[in-house]
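Working notes, structure below.
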Amino acid sequence: MDGSTLPAVAEELLREIKKAFQETSQDTFSSRLKFIFGPSAVPALDLVDQRSVTRLKSPSGRTLYQVLGSSGKLYTCYSSCHFCTCPAFGFSVLQKSESLLCKHILAVYLSQAMGACQELAVSEEQLTNILLAEEEDEG
Amino acid sequence: LCRGGLAERLCRLQNRERSAISFWRHQCLSDDKIPSDKSGVLIVKILEIFDECTIQVAICQQLEHSPLSPEDVVINAEEPILKVLFTRETAAHLKSRPQDVIHIYPPWQKLLLQNADVPVIMNTYFSQKVLLSEHSEAREKTYGLPKMLIRKNIISLAQTFRLDDLDDKLHQESSNNQVPCAPQTHDSSDSKRHPLALSAVNDSLLEMVESQGAVGWREVQVRVVIQRVYCLPAREGSRSHTQGNKPLLSNGGMFCRLCLLVQDAYGIFSEVQLQSLSSTDDVEQYCRRWEGKSCCLAGMKILQRTTRGRALGLFSLIDSLWPPVVPVKVPGQSQDSEMMTTNLPPPSFCYILTVQSGEIHVEVDEEEQISNLYQPPAVHGLKEILRMDGCNERCSFWAQVLYRRLQTKHSVPIDQREMLLFVTDSTLQNVVHGIPKVVAVSVTASCVLSMEIMEALSAGSRLVFFKDALWGNGRIICVERTVLLLQKPLLCSAAGADLSELPGPVRLDELDSAAQASSICALRGTVVGVNESTAFSWPTCNRCGNGKLEVCPQDRELLYCNQCSEVVTTPLLKMQLEVFLSCPSRPQSTVKVKVWHEVTLFVLLTMLLFLQTYEVQSVLGKEVGLLNCYVHSVTSHPNCVALEEIVLL
């Protein structure tokens with residue numbers, strides 16, 4: 001069979017979580033999360049618990065996510081593709097292709113699904129500085 | 001972890017599951033038998049396996065009951081297909097291969113996907129491979145099956161998740177990724193088709209500039225008058241240009257952008273940079289069609305706010321348009337109130353605008369009349385211009401181009417070449433003395449010339465209109481924003497008589513004590529010496545005039561021209577000779593002239609070169625009459641003038 005399977009499964013899972021967030025029994029979703037996302041699941045949920053995800057939006061409509069990591073460092077996640085500035089993303093996703101997402105990107109999705117995302121409006125210049133600042137740090 | 005949070009709950013759940021899984025596996029190892037309780041057990045046969053991240057995906061067929069022997073395993077196409085997911089640990093434990101039969105014990109989970117028919121089975125921690133016979137088990141253990149290579153699917157980062165039902169379920173790239181298309185100006189002929197969803201027309205450039213960035217600024221329209229149309233060379237590395245890499249100009253591939261100098265009802269100027277031109281010949285057309293007309297600008301982007309000190313060229317042009325010919329509005333006052341312009345100071349700043357890519361809104365009302373605010377270039381005779389005071393004044397004139405000299409320094413790249421044009425008009429030709437008969441106009445590389453002009457200048461003497469050339473320090477130069485035109489502009493305020501007719505054959509100043517380098521003059525004199533060492537002749541192609549002919553490799557008697565790519569059967573012989581003259585108009589100097597054409601001296605040269613029968617002595621004293629020459633250099637110590645005979649266009 002052609003095409004990938006895992007992303008569709010992950011997506012459906014997150015959709016169900018979003019739809020049924022009001023339900024009390026969340027253990028089903030939790031264990032499925034754990035199955036698909038493995039070690040990222042608990043840390044991602046923790047980030048959601050702590051309301052660490054903020055969605056930045058500029059007047060032109062561009063969006064960006066910032067996640068406050070456990071170490072206190074701010075990571076930037078893109079909205080148009082799966083990308084995060086954290087080292088785990090670079091290692092597990094890019095290098096080893098062991099994960100679909102890092103815990104920060106998963107936290108972004110979970111926050112979206114559960115309505116736990118903080119919203120922040122920024123100027124074009126601020127958005128640009130955030131994007132470019134990341135490059136400078138790594139460069 | 002947060003108390004009572006989702007993470008904590010998952011953690012506890014995970015711990016419970018982990019112990020259950022390890023307990024179960026432990027039980028399986030010690031007990032080979034299939035558990036009697038079959039309820040909820042999923043029996044699958046693996047057809048295909050691949051890895052995605054750390055999950056193993058197995059395409060399986062669901063079996064009704066467990067096969068007891070290999071013969072029982074009949075592949076029934078009717079049986080449902082499933083996608084079973086295993087974690088890395090489970091997969092390592094199972095070591096599955098295609099054709100294996102797996103029992104999956106509850107609590108497994110089934111997930112139905114939106115667009116797929118195949119259900120997905122997950123949470124398959126409690127899975128066990130069924131061995132079909134003792135023989136196969138033994139075989140496995142004894143010989144060790146070769147390690148199976150499992151394909152790994154790499155997942156694209158672009159495949160993001162859409163959590164909303166209303167969104168398109170297909171994973172498309174967002175519309176923000178579209179590349180903006182190349183800008184295209186459209187004039188009023190196109191505007192009828194173009195739907196303008198723009199706001200009411202404004203008449204203030206400053207208001208448009210101030211509204212940038214605010215909501216709806218793209219829709220703001222400003223009505224302005226086009227004072228000038230010209231081309232600016234686009235700098236290398238500028239992001240704003242290129243339609244492919246076609247060279248646009250004869251000066252070796254310099255790109256240029258069409259620009260407008262516009263003025264609003266308040267007298268404020270702005271330079272609008274439009275698209276790259278595909279052909280510089282269009283400039284003449286745009287000048288004729290657009291100058292003086294009103295136009296509406298919308299969707300402009302501010303490139304720069306420049307000031308007098310930083311853009312001398314631009315402001316010299318603006319100054320030539322100041323003060324405005326009609327009263328302009330005063331900001332802050334009501335619509336009808338206007339102000340006299342005589343005492344207004346010239347502007348000290350100018351906004352340079354450019355178009356948003358993909359959104360050009362420059363609508364010129366070509367059919368409408370020329371605006372009152374338009375100031376056409378003031379045309380003067382060259383005599384008047386040479387007498388002008390001041391520095392960096394823009395001036396416009398008609399002139400006959402007599403001679404063209406290209407800068408031949410090899411160190412200068414071709415797109416930075418300068419050119420000297422020697423021009424005259426009736427005002428200069430009519431003068432007796434005191435004012436030169438011919439003026440040198442320097443054309444810098446920043447002045448964009450069309451192919452038409454370049455061809456005209458090399459073909460013959462042409463009457464050229466120099467629009468907005470710069471006068472200063474006793475020189476006329478053509479720089480950025482100067483336009484050379486062959487056609488008469490429609491509207492032109494000419495001071496005095498028709499300047500285009502020359503009174504008779506062109507006369508040059510005679511060589512005198514005031515002669516300067518890089519000028520042209522006429523001279524007459526007597527031969528006082530010949531520089532034999534510099535005399536030589538060479539063959540040229542009779543078709544194209546190429547002076548660098550080569551010897552034919554096939555036949556060393558013949559010459560070959562590689563510009564025509566043909567053999568030259570009848571080469572034209574060109575000769576050059578340097579003579580020293582005594583000129584009555586400049587008696588103290590040694591005058592050295594490189595002669596190409598003078599007939600009597602040709603004879604001399606021929607004799608010298610081929611026959612060698614002539615004594616140089618016999619040509620001394622020969623008269624040389626009125627040669628047109630270009631002055632190479634003038635030195636005072638020793639008093640020497642070096643010239644070169646030229647042919648006027």
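Numbered from 1 within each chain, the chains take letters A, B, ... in sequence-line order.
Contact annotation for S79(A): only backbone heavy atoms (N, CA, C, O) come within less than 4.5 Å of a heavy atom of chain B. Of the two parts of A44(A), neither the backbone nor the side chain holds a non-hydrogen atom closer than 4.5 Å to a non-hydrogen atom of chain B. The parts of E52(B) that come within reach of chain A are both its backbone and its side chain, each placing non-hydrogen atoms under 4.5 angstrom from that chain.
Atom CD of Q14(B) sits about 10.5 Å away from atom OG of S31(A), to the nearest 0.5 Å. T124(B) OG1 to F35(A) CZ: the interatomic distance, rounded to the nearest 0.5 Å, is 4.0 Å. Taking CG from L163(B) and CD1 from I17(A), the interatomic distance works out to 9.5 Å, rounded to the nearest 0.5 Å. How far CG of L157(B) is from SG of C84(A): 11.5 Å, rounded to the nearest 0.5 Å. The distance from atom CD of E12(A) to atom CE of M122(B), rounded to the nearest 0.5 Å, is 10.5 Å. Atom CD1 in I36(A) sits 8.0 Å away from atom CG in L111(B) (nearest 0.5 Å).
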Using atom types as modelled, flag every donor-acceptor pair under 3.5 Å from a side chain in residues 93-109 of chain A to any protein atom, sequence neighbours excluded.
from    : atom 1 : to      : atom 2 : distance (Å)
E98(A)  : OE2    : R88(B)  : NH1    : 3.3
Y109(A) : OH     : H82(A)  : NE2    : 2.8
Y109(A) : OH     : F161(B) : N      : 2.9

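The side-chain contact (heavy atoms from CB on, under 4.5 Å) test with L6(A) is passed by exactly one of V120(B), N153(B), I55(B): I55(B).
With respect to chain A, the highest number of heavy-atom pairs below 4.5 Å among I154(B), D51(B), T54(B) belongs to T54(B).
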Is there a side chain to side chain contact (heavy atoms under 4.5 Å, CB included) between L113(B) and E11(A)? Walk through the geometry before answering. CA-CA 9 Å; L113(B) 299 179; E11(A) 183 183 49; over 6 Å; no

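Here the side chains of T5(A) and L85(B) are in contact, with some heavy-atom distance below 4.5 Å. No side-chain heavy atom of E8(B) sits less than 4.5 Å from a side-chain heavy atom of D49(A).
Within 6.0 Å of NZ in K110(B) there are 12 or fewer heavy atoms belonging to other residues, nucleotides or ligands. By the neighbour-count criterion of 12 heavy atoms within 6.0 Å, atom CG of N15(B) is densely surrounded, having more than that number from other residues, nucleotides or ligands.
With sequence neighbours left out, the side chain to side chain contact (heavy atoms under 4.5 Å, CB included) criterion links K95(B) to K129(B).
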